[in-house]
Amino acid sequence: MISLAVARCRVTAMSCGDDNPAATPTPCEDVQGDGRWMSMHNRFVSDSKGKEPEVLFVGDSLVQLLHEFEVWRKLFSPLHTLNFGIGGDATQHVLWRLTNGEVDHICPKVVVLWVGTNNHGHTPEQICGGIMAIINVINQRLPQAHILVLGLLPRGKSPNPLRDRNARVNALVQAELAPLSFASFLDVDPGFVQPDGSILHQDLYDYLHLTPQAYQRVCRPLHARVKALLEAHAP
């Protein structure tokens, strides 16, 4: 197995470091003026103190909303899981959160990362670089944890450039993770795109966010993978 530093060289050559906005830790701009994003971050930091989670989920609204459904309570709560999802987050926002206290007081065995679909205006290479930067931070701060990166889902009712971008990100990230022993990729798309290229609102109610039944389809293989990782981690 090669090191993360070596693996990141390929992404760095494409788009990484200070020149990549997706890989530069940045707090979310408070455009609405109510401070909710920073309040949620501070709550996550506070909630992590005194906790001993075995699993941490971190990412955007797809992670955040999962916490509201029965599938979370049935499958993931029993695994002693924390949910650090914030709607609208892009890679640079998650990167800022993780470098500002959210993982300073916990030692999970598995970290599930799901982010990237909100990186508007960034190239697939930049988004991949942002995801790899997050993985680097997690591995440095939680070296005992296995990092499970979930693939970006298709979006939009009909074929569109963001679907193509997400698919390209998935391919890039999967290739970067393949040589790493402490991180892996999981495609959680059960086949949301129909033969005619459309996505049903019964699966993605606004053609981005998942319905309860869609979460069920996504979470069955995800739960199986997380349990297998926990069992492999057991002494």
Distance-only, no hydrogens or angles: does the S198 side chain make a donor-acceptor pair with backbone N or O of Q194 under 3.5 Å? no
May I ask you to check whether Q92 and N119 show a side-chain donor-acceptor distance below 3.5 Å? yes
Any side-chain heavy atom of Y207 sitting closer than 4.5 Å to one from R155? no
Smallest separation among heavy atoms of A214 and D203, with atom names: CB-O, 3.1 Å
Hydrophobic cluster membership, L142 vs L98, 4.5 Å side-chain cutoff: yes
Side-chain heavy-atom pair I131, L113 within 4.5 angstrom cut-off: yes
Under 4.5 Å between any side-chain heavy atoms of T91 and Q126, yes or no? no
Within the side chain of N118, is there an N or O that forms a donor-acceptor pair under 3.5 Å with the backbone of D89? yes
Is there a path of hydrophobic side-chain contacts, each under 4.5 Å between heavy atoms of I/L/V/M/F/W/Y residues, joining I86 to L62? no
Any side-chain donor near an acceptor of the partner, H41 and E102, under 3.5 Å: yes
Working to the nearest 0.5 Å, report the span between CG of L177 and CD1 of I147. 8.5 Å
Does the side chain of R163 come within less than 4.5 Å of V193's, by heavy atoms? yes
Sub-6.0 Å ring centroid separation between F57 and F76: yes
State whether the side chain of N100 and the backbone N or O of W96 hold a donor-acceptor pair below 3.5 Å, judged by distance alone. yes
If we only count heavy atoms from C-beta on, is the F192 to R217 side-chain gap below 4.5 Å? yes
Between V110 and L56, is any pair of side-chain heavy atoms under 4.5 Å apart? no
Applying the 4.5 Å side-chain criterion to the ILVMFWY set and letting contacts propagate, would F84 and W72 be lumped into a single cluster? no
Please report the shortest heavy-atom distance between Q64 and M40, naming the atom on each side. NE2-CE, 3.5 Å
From I135 atom CD1 to F182 atom CZ, the distance as rounded to the nearest 0.5 Å: 7.5 Å
Keeping the roles fixed (side chain from Q144, backbone from P108), state whether a donor-acceptor pair exists under 3.5 Å. yes
Rounded at 0.5 Å granularity, tell me how far CE in M38 sits from CG in D30. 8.5 Å
Please test V188 against W114 for side-chain contact (heavy atoms from CB on, under 4.5 Å), starting from the C-alpha separation and ending with a verdict. CA-CA 10 Å; V188 291; W114 206 5; 3.8 Å; yes
Would you call N166 and P124 a side-chain contact if the rule is heavy atoms closer than 4.5 Å? no
Are any of the side-chain heavy atoms of S184 and R225 separated by less than 4.5 Å? yes
Can V115 be reached from L162 by stepping across I, L, V, M, F, W or Y side chains whose heavy atoms are under 4.5 Å apart? no
Looking only at the side chains, is there a donor atom on one of R36 and Q32 sitting less than 3.5 Å from an acceptor on the other? yes
The test is side-chain contact (heavy atoms from CB on, under 4.5 Å); show your working for H233 and E54 and say whether it passes. CA-CA 10 Å; H233 209 289; E54 294 204 338; over 6 Å; no
Without placing hydrogens or testing angles, list every side-chain donor-acceptor pair under 3.5 Å for residues 44-51, not counting sequence neighbours.
unit_1: S48; atom_1: OG; unit_2: V45; atom_2: O; d: 2.7
unit_1: K51; atom_1: NZ; unit_2: D47; atom_2: O; d: 3.3

In terms of heavy-atom contacts, V58 and V63 come closest through O-CG2, 3.9 Å
Using modelled atom types and a 3.5 Å cut-off, is there a donor and acceptor pairing between side-chain atoms of T99 and backbone atoms of L95? yes
Would you compute the distance between atom OG of S61 and atom NE2 of H209 and round it to the nearest 0.5 angstrom? 3.0 Å
Which word best sums up how the rings of H93 and W37 line up, parallel for under 30°, tilted for 30 to 60°, or perpendicular for over 60°? perpendicular
Would V103 and R141 count as a side-chain contact (heavy atoms from CB on, under 4.5 Å) here? Give the steps. CA-CA 7 Å; V103 293; R141 293 172 184 252; 4.0 Å; yes
Quick check on E52: does its CD atom have over 12 non-hydrogen neighbours (other residues, nucleotides or ligands) under 6.0 Å away? no
Atom of H105, atom of G101 and distance for their closest heavy-atom approach: CD2-O, 4.1 Å
On a heavy-atom basis, which atom in C219 and which in L66 lie closest, and how many Å separate them? SG-CD1, 3.6 Å
In short, G129 meets A23 closest at the heavy-atom pair O-CB, 3.9 Å
Please lay out, stage by stage, how T211 and Q202 fare under the test side-chain contact (heavy atoms from CB on, under 4.5 Å). CA-CA 7 Å; T211 62; Q202 291 90 345; 5.7 Å; no
Indicate yes or no for a side-chain donor-acceptor contact from E68 to the backbone of L65 under 3.5 Å, with no hydrogens or angles considered. no
Are L150 and I134 linked, directly or through other ILVMFWY residues, by side chains that come within less than 4.5 angstrom of each other? no
CA sep, side-chain torsions, deciding dist, call: T117, D60, side-chain hydrogen bond (donor to acceptor under 3.5 Å, both in side chains): CA-CA 9 Å; T117 198; D60 54 32; over 6 Å; no
How long is the span from the CG atom in D187 to the CG atom in L152, to the nearest 0.5 Å? 10.0 Å
To the nearest 0.5 Å, atom NZ of K157 lies from atom CG of D206 at 13.0 Å
